[in-house]
Amino acid sequence: MSDGLDYGRLYEFRFRGVEQESRQIVWNEIGPYVWKRMGKPARVLDPAGGRGEFLNSIPADERWLVDMVDYPHRDTVPEVKVVIGDVLSLDLPPNYFDGIFVSNLLEHLPSPDALADFLARMRTTLAPGGVLAIMGPNFKYCAREYFDCADHTLALTHISVHEHLIASRIRGRIGRTALFALLVPRPASRVGPAHPLVPADATALAGCRESVPVAGPLNGPLMGNETPVAALPKPGAGLLPSVAKHPSRVGARGESNGMGFSRDVVIVGGCGRVGLPLGLALANSGLAVTLYDRDAFAVDRVRAGKMPFFEREADEALERLIPTDRLEVTTEAQSVAEAEHVIVVVGTPVDEHLNPDPSAVLNVIEGLLDQLHDGQHLVLRSTVYPGVTAMIEKLLRSAHRTIDVSFCPERLAEGRALEELRTLPQLVAARTERAVRRAEQLFGGVSPKLIRLEVEEAELAKLFTNTWRYIKFAAANQLFMIANDFGLDFARIRSALKEDYPRAADMPGPGLAAGPCLLKDTMQLAAFNNNNFTLGHASMTINEGLPMYMVARLEREYDIANMTVGILGMAFKAESDDTRSSLSYKLKRLLRFRAARVLCNDPYVASDHELWPLDDVLAESDLLVIATPHEVYSHLDVDVPIIDIWNLLGRGEHV
Ligand SMILES: NC(=O)c1ccc[n+]([C@@H]2O[C@H](COP(=O)([O-])OP(=O)(O)OC[C@H]3O[C@@H](n4cnc5c(N)ncnc54)[C@H](O)[C@@H]3O)[C@@H](O)[C@H]2O)c1
């Protein structure tokens with residue numbers, strides 16, 4: 001009968017050939033850095049201190065090392081007090097340590113309950129105002145190597161650790177890309193930072209990136225974040241209709257569709273906000289669809305039947321389609337060669353100087369030239385700078401590919417994509433009758449109506465659609481500011497002027513008009529027209545300037561320099577988890593310079609680890625700003641002022 005895992009022997013094996021001296025050299029860099037970020041605590045505990053490299057490297061007055069393994073050669077300096085034992089059962093003094101540094105321990109704990117017990121113990125032994133810092137491998141970024149360590153049991157990511165902290169009632173901040181948190185369980189005061197490490201300032205943790213790579217390969221490469229959807233509401237009624245028979249579908253998996261293709265459609269950017277709903281709709285209509293995306297995390301998630309973002313009806317559709325051969329998900333570019341229709345719907349971002357990059361889609365097609373071959377139908381669905389379709393046609397000609405090209409822009413609203421695909425008309429444009437017919441056949445299976453345009457007309461139509469909306473929001477925002485400056489309630493004025501008066505029926509209310517498309521597309525149109533777009537530029541100034549206006553008004557009305565301001569809603573629109581280009585973040589940045597403290601909440605957003613639970617924001621804020629009109633904020637029961645330019649509470653639009 002064994003006594004369980006022999007950790008001493010295991011670590012001797014694992015670190016064979018690694019000189020203790022070189023480990024100490026590395027920790028001499030990490031240790032003082034972490035200790036400084038923790039606020040230089042005087043009494044420090046390292047609850048799985050190993051050979052003492054961290055504690056050796058810091059000049060804290062009192063340093064306690066706890067470890068289960070009694071190493072024969074433990075090179076701790078005399079100031080380090082070594083306790084051999086299990087930190088989960090050992091008696092630790094209550095309210096004692098000013099700082100606890102947990103390094104590469106949580107992943108070894110046997111269960112989520114043990115982790116909760118551990119955090120509870122740390123909470124007890126930590127002095128009021130003390131700091132807990134956590135570092136460890138992030139499963140999200142080193143999944144393949146994570147279980148190469150015999151003693152790894154719990155798979156943890158920065159998100160799951162954050163959840164554990166919340167469940168343990170430990171309040172804190174957590175680095176987004178690495179598993180590294182700085183926490184203060186017991187804030188000393190209500191107003192103002194309770195501790196230098198808990199300012200309303202994200203830069204407090206920016207340095208955590210630096211501490212990660214030196215700690216070994218398991219701390220993995222640093223990458224972007226995903227948006228798990230666990231906290232999102234269940235989709236509403238109105239699921240996709242059951243599978244139809246699309247006219248041009250291939251047969252069972254592997255069979256040709258009569259034109260030598262084993263798949264009907266491949267969507268490049270297939271796990272994105274536009275590509276994925278479209279893929280679901282096409283697969284649901286009976287086509288064999290491959291979702292090709294270079295984002296391996298999104299691909300893994302979708303393949304596992306989980307949506308990487310919130311979209312009504314999509315969870316059910318994905319769950320139903322994934323087990324069938326109508327939906328495949330891959331990171332393999334080779335898949336592009338297998339399909340008759342290649343739909344490209346990659347993002348079209350603006351660059352660091354806010355210039356739309358007209359070559360984004362072109363570059364993607366250029367990168368796929370080896371996969372593209374005669375007889376295919378290439379559908380451009382990204383929003384493009386006018387003229388990009390012609391450039392792509394030229395590229396294909398010069399590469400001697402005989403491929404039909406069409407431009408069929410997406411005009412959906414995120415969150416309602418599946419419903420809108422089957423209810424809104426589809427613009428279809430191509431230069432040859434054959435390409436138009438192929439596009440019509442493809443979209444005819446999902447769209448209720450097809451509208452033909454010339455290619456350049458369709459490119460402009462897409463930009464005009466978004467720009468028009470953006471200008472309307474700007475007009476409403478400007479009118480709101482005029483009324484507000486005059487001390488009047490815009491909501492009352494708007495409601496009265498619209499009543500039984502159809503010519504004003506489409507006047508929107510004011511709000512933070514943001515998101516990944518409207519501003520960017522207005523900028524594309526301005527750039528296309530040699531920056532001769534007065535109305536577009538004025539709209540950008542008004543919409544992007546609204547947070548500035550709001551903060552200036554708040555400064556006039558309240559002593560915000562001595563107040564905690566709570567921002568409710570970080571997504572760019574209601575009931576969404578998408579924070580791309582959200583003006584809530586601009587508001588946050590502005591308020592950080594002016595308010596004593598800024599706390600943010602969003603029930604949908606999982607990608608921002610500086611968010612606070614709603615109850616805490618409500619309890620600790622002296623002033624609240626509804627930045628996103630999520631339904632959940634429409635029943636707030638607090639006695640502090642609420643700034644509600646959306647009129648979500650029905651009390652008027654003032655700031
Ligand atoms: N989001 C909207 O509401 C909306 C509405 C209408 C139109 N659009 C337009 O649709 C396009 C896509 O927007 P989105 O919101 O879906 O973006 P997104 O970022 O959600 O999706 C783009 C996807 O493309 C993938 N990708 C990027 N380059 C790739 C490559 N070379 N190979 C394979 N995959 C690649 C990304 O990993 C991502 O998953 C943009 O042009 C956008 O303007 C968006």
- Message: I'd like to check the salt bridge (Lys or Arg N to Asp or Glu O under 4.0 Å) partners of K472; sequence neighbours left out, ordered by chain and number.
- Response: D506
- Please report the shortest heavy-atom distance between G347 and A360, naming the atom on each side. O-CB, 4.3 Å
- Message: Given 3.5 Å as the limit, does a donor-acceptor pair link the side chain of S160 with the main chain of L156, or not?
- Response: no
- Can D577 and R273 be counted as an ion pair, charged N to O under 4.0 angstrom? yes
- Message: If I compare all heavy atoms of V632 with all of P603, which pair ends up nearest, and what's the gap?
- Response: CG1-CG, 3.7 Å
- Message: Is any side-chain heavy atom of F473 closer than 4.5 Å to one of L518?
- Response: yes
- Side-chain (D622) to main-chain (M563) donor-acceptor, under 3.5 angstrom: no
- Message: So V605 and S607, do their side chains get closer than 4.5 Å, heavy atoms only?
- Response: yes
- Item | L599 CG to D616 CG distance, which is reported to the nearest 0.5 Å | 8.5 Å
- Query: Below 4.5 Å, heavy atoms only, C-beta onward: do F572 and L512 meet side chain to side chain?
  - Reply: no
- Task: Using distance alone, with no hydrogens and no angle criterion, decide if S576 and D578 have a side-chain donor and acceptor under 3.5 Å apart.
- Result: no
- Query: Looking at G275 and I267, what are the two nearest heavy atoms and their distance?
  - Reply: O-CD1, 3.6 Å
- Item | Interatomic spacing from CD in E555 to CD1 in I560 - rounded to 0.5 Å | 4.5 Å
- Item | Side chains of T389 and E459, donor plus acceptor under 3.5 Å | yes
- So Y549 and F480, would you call those rings parallel, tilted or perpendicular, with 30° and 60° as cut-offs? perpendicular
- Residues R411 and N466: side-chain donor-acceptor under 3.5 angstrom: no
- What closest approach, in Å, do A281 and L421 show between heavy atoms, and which atom pair accounts for it? CB-CD1, 3.8 Å
- Query: Taking all non-hydrogen atoms of both residues, which atom of L276 and which atom of P308 are closest, and how far apart?
  - Reply: CD2-CD, 3.5 Å
- Tell me the salt bridge (Lys or Arg N to Asp or Glu O under 4.0 Å) pairs involving residues 640-653, sequence neighbours left out? R494-E653
- Judged by atom type as modelled, is there a donor-acceptor pair below 3.5 Å linking the side chain of E575 to the main-chain atoms of E631? yes
- Hey, does Y292 have a side-chain heavy atom less than 4.5 Å from the side chain of V329? no
- Minimum heavy-atom distance M507-K498, with the two atoms named: O-NZ, 3.1 Å
- State, with a plain yes or no, whether a side-chain heavy atom of V455 is found less than 4.5 Å away from one of S406. no
- Query: Is the number of heavy atoms from other residues, nucleotides or ligands under 6.0 Å of E319 CD greater than 12?
  - Reply: no
- Message: Between R381 and C408 (side chain of the first, backbone of the second, donor and acceptor by atom type, cut-off under 3.5 Å), is there such a pair?
- Response: yes
- Donor-acceptor pair, side chain of K573 and main chain of S582, under 3.5 angstrom: no
- Item | Donor-acceptor contact below 3.5 Å, side chain D521 vs main chain T467 | no
- Item | Steps toward salt bridge (Lys or Arg N to Asp or Glu O under 4.0 Å) verdict (R592, E610) | CA-CA 13 Å; R592 267 208 199 132; E610 291 178 8; 3.6 Å; yes
- Task: Dump the intermediate steps for side-chain contact (heavy atoms from CB on, under 4.5 Å) on F490 and N484, then the final yes or no.
- Result: CA-CA 7 Å; F490 182 58; N484 195 58; over 6 Å; no
- Message: When you compare the side chain of T330 with that of L291, does any pair of heavy atoms fall below 4.5 Å?
- Response: no
- Message: Taking K586 first and then E544, would you say they form a salt bridge - that is, a charged N and a carboxylate O separated by under 4.0 Å?
- Response: yes
- Message: Do I343 and L282 make a side-chain contact, defined as non-hydrogen atoms from C-beta onward lying under 4.5 Å apart?
- Response: yes
- Are K520 and T348 close enough, and set up right, to give a side-chain hydrogen bond (donor to acceptor under 3.5 Å, both in side chains), and what steps lead you there? CA-CA 9 Å; K520 175 201 67 164; T348 45; 2.9 Å; yes
- Query: Going by an N to O cut-off under 4.0 Å, is there a salt bridge joining E311 and K306?
  - Reply: no
- So does E420 pair up with R312, basic N to acidic O under 4.0 Å? no
- Can we say D485 and R553 salt-bridge, meaning some charged N sits less than 4.0 Å from an Asp/Glu carboxylate O? yes
- Item | OG1 on T290 to CG on L327, rounded to 0.5 Å | 8.0 Å
- Message: As a quick check of understanding, evaluate side-chain hydrogen bond (donor to acceptor under 3.5 Å, both in side chains) for Y385 and D357, giving each step before the final call.
- Response: CA-CA 8 Å; Y385 189 85; D357 179 3; over 6 Å; no
- Query: Given side chains that start at C-beta, do those of P641 and Y558 come closer than 4.5 Å, heavy atoms only?
  - Reply: yes
- Give a yes or no answer on whether the side chain of Y633 reaches the backbone of L648 with a donor-acceptor pair at less than 3.5 Å. no
- Within the side chain of T564, is there an N or O that forms a donor-acceptor pair under 3.5 Å with the backbone of S621? no
- Query: Sub-3.5 Å donor-acceptor pair from the side chain of N601 to the main-chain atoms of W612, do we have one?
  - Reply: yes
- Item | Side-chain donor or acceptor of R301 paired with backbone N/O of M307 under 3.5 Å | yes
